[in-house]
There are 2 protein chains.
Amino acid sequence: MAQAARTPRERYRDQIRTEVKALAREQIATAGASALSLNAIAKQMGMSGPALYRYFAGRDELITELISDAYRSLADAFRAAEADGADLPRLARTLRRWALDDPQRYFLIYGTPVPGYQAPPDTTAIAAEIMAALLDTCARQPARPGPGAGSPLDPHLARHRDWAGDHPAEPAVLRLALLAWTRLHGVLSLELAGQFNGMGFDPEVLFEAELAALTVLPDC
Amino acid sequence: MAQAARTPRERYRDQIRTEVKALAREQIATAGASALSLNAIAKQMGMSGPALYRYFAGRDELITELISDAYRSLADAFRAAEADGADLPRLARTLRRWALDDPQRYFLIYGTPVPGYQAPPDTTAIAAEIMAALLDTCARQPARPGPGAGSPLDPHLARHRDWAGDHPAEPAVLRLALLAWTRLHGVLSLELAGQFNGMGFDPEVLFEAELAALTVLPDC
DNA sequence: TGCGTTCGTTAGAAGTTATAACTCCATCGA
DNA sequence: TCGATGGAGTTATAACTTCTAACGAACGCA
């Protein structure tokens with residue numbers, strides 16, 4: 001997890017920081033990110049108020065770090081699945097399990113944006129890592145036209161492929177990755193937000209149906 | 001808009017309330033809902049602090065009312081489109097324009113949920129109205145198997161159709177409405193959140209591609 | 001054994017939401 | 001036309017919050 005901290009002081013410092021973050025995650029999970037209170041965390045840890053400013057520059061830095069940790073966690077889950085030889089369905093189910101495990105952590109990444117906020121570069125780097133894992137997995141899927149094949153989407157993506165970085169994916173793979181992202185996020189975010197509550201059907205069935213529509217070969 | 005207020009007092013009261021809400025929307029649009037400050041609004045209106053408590057029970061009630069207004073606004077946009085004979089593509093573009101017009105208003109409805117929050121009954125009634133408009137529009141679409149036809153989704157929806165209320169839609173219509181919702185939300189929410197920033201492609205092309213995949217007949 | 005860094009403290013400034021108590025004035029009824 | 005009622009806005013205050021400043025104490029390294 002954390003790289004070896006040499007001095008005992010650094011070890012202690014890291015321990016406090018992770019404890020603070022754990023309590024913060026707990027608080028966010030039960031009352032939302034906007035209810036996060038440094039003071040409350042300090043009290044829970046038995047120290048009073050401003051002590052936490054030795055460890056975090058402020059509330060914003062703590063939240064930023066939690067966001068970065070969330071990205072890191074998802075990227076790790078994806079890499080682990082990939083290393084295990086997962087195909088797109090397995091990667092998607094990894095995503096769903098990861099999201100259901102802590103919905104607010106999912107929303108830390110894909111939820112309502114704060115208008116002014118700009119993610120730090122290291123966070124966007126992890127985001128690119130996640131996208132790369134998705135692209136890799138999509139590239140290993142059997143050949144397809146797939147959903148949206150006839151549309152102007154493929155030529156458009158062929159011309160605008162900056163986001164794929166140096167990934168040598170053909171447009172059909174870019175399209176599959178993009179549609180997998182948006183469709184799975186569509187189902188998942190609405191489920192996590194409770195928008196399906198009281199509607200009666202099983203969100204997992206809907207998720208699996210979207211997954212099938214993405215991967216089943218004869219789509220046209 | 002507002003029903004006729006008889007007494008001048010009530011008229012004044014309504015005027016203040018709408019002015020407060022306008023400033024609140026402005027604040028949310030520029031700094032997010034968590035940055036909404038009653039005090040700041042009061043100052044902007046030239047009155048001091050606690051005066052606003054004559055008009056709103058508190059911050060929560062103001063936000064709740066803004067959420068309800070957002071639902072109402074979307075429902076009105078949908079009903080207007082429906083009255084204009086819109087089909088699913090036009091309804092979808094109505095949604096997109098409505099969302100782009102004020103992204104934070106979209107997130108007030110479909111964004112990160114606050115764990116404890118329970119929407120008041122009148123709000124869920126408007127949500128049902130929105131769903132009804134979507135179902136009506138989908139029912140008028142030409143016959144299809146459409147996306148995900150072969151999956152277990154149709155029989156599942158045939159058994160769990162509480163959310164359709166008394167709408168006499170066949171399972172294929174339920175499926176189309178549900179997939180339209182989740183897929184369009186998937187593309188739209190990621191666009192509004194800025195997740196596509198720097199990726200190069202045009203979100204509108206992606207949106208239209210998803211729309212085409214939903215409506216083009218020969219999907220299988 | 002010292003000395004410097006780091007930790008945690010209290011004090012305090014500047015914000016916030018929200019309540020209480022008070023004044024003032026418009027409106028409504030007699 | 002007068003007067004009681006009630007709504008509007010005010011200040012004061014409590015209880016929060018984030019965050020800075022200044023101090024003391026403890027820890028670890030040389």
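Proteins come first, then strands; the chains are lettered A, B, ... in the order of their sequence lines, and each starts at number 1.
Between the CD1 atom of A:Ile41 and the P atom of D:dC19 there is a distance of 12 Å, rounded to whole Å. In this structure, A:Lys43 places its NZ atom 15 Å from C1' of C:dT9, rounding to the nearest Å. Rounding to whole angstrom units, CD of residue A:Glu10 and P of D:dG28 are separated by 13 Å. For the pair B:Arg13 CZ and C:dA26 C1', the interatomic distance rounds to 15 Å; values are reported in whole Å. In this structure, the CG atom of A:Asp14 is 14 Å from the P atom of C:dT6, given to the nearest Å. Between A:Asp60 atom CG and C:dG15 atom P there is a gap of 17 Å when expressed in whole angstrom units. As rounded to whole Å, 13 Å separates atom C1' of D:dT10 from atom CG of B:Leu52. For the pair B:Asn39 CG and D:dT13 C1', the computed distance is 14 Å after rounding to whole Å.
Under 4.0 angstrom from either OP1 or OP2 of D:dG7 there lies no side-chain N or O belonging to B:Tyr55. Within the 4.0 Å cut-off from OP1 or OP2 of C:dT27, not a single side-chain nitrogen or oxygen of B:Tyr12 is found. Between B:Arg59 and C:dA18 there is no side-chain polar atom (N or O) within less than 4.0 angstrom of OP1 or OP2.
Residue order along DNA chain C, read from the 5' end via each residue's closest nucleotide, puts B:Gly58 first among B:Gly58 and B:Arg9.
Residue contacts for A:Phe56: at a heavy-atom cut-off of 4.0 Å it reaches no nucleic acid atom on any strand shown.
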Can B:Asp69 and B:Lys21 be said to form a salt bridge (Lys or Arg N to Asp or Glu O under 4.0 Å), step by step? CA-CA 10 Å; B:Asp69 286 359; B:Lys21 291 203 280 187; 2.8 Å; yes
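Among the nucleotides D:dT17, D:dG9, C:dT17, the one closest to any side-chain atom of A:Ser37 is D:dT17. The side chain of A:Pro50 sits closest to C:dT9 out of C:dT9, D:dG28, D:dG9. In the set D:dC19, C:dT9, D:dA8, the nucleotide with an atom closest to the side chain of A:Met47 is C:dT9. Set against C:dG8, D:dC19, D:dT10, the side chain of B:Ala51 has D:dT10 as its closest nucleotide.
Under 3.5 Å, the side chain of B:Arg54 and the base of D:dG9 form at least one donor-acceptor pair of N or O atoms.
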Name every donor-acceptor pair, under 3.5 Å, that has one atom in a side chain of residues 124-135 of chain A and the other anywhere in the protein, sequence neighbours excluded.
| residue | atom | partner | partner atom | Å |
| --- | --- | --- | --- | --- |
| A:Thr124 | OG1 | A:Pro121 | O | 2.7 |
| A:Glu129 | OE1 | A:Arg72 | NH2 | 3.3 |
| A:Glu129 | OE2 | A:Arg72 | NH2 | 2.7 |
| A:Glu129 | OE2 | A:Arg79 | NH1 | 3.1 |

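With contacts defined as side-chain heavy-atom distances shorter than 4.5 Å, the pair B:Ile63/B:Tyr117 does not qualify.
Under the 4.0 Å criterion applied to side-chain N and carboxylate O atoms, A:Asp102 and A:Arg25 are not assigned as salt-bridge partners.
Ring-plane geometry between B:Tyr106 and B:His185 is classed as parallel, the angle between the planes falling under 30 degrees on a 0 to 90 degree scale with a further cut at 60.
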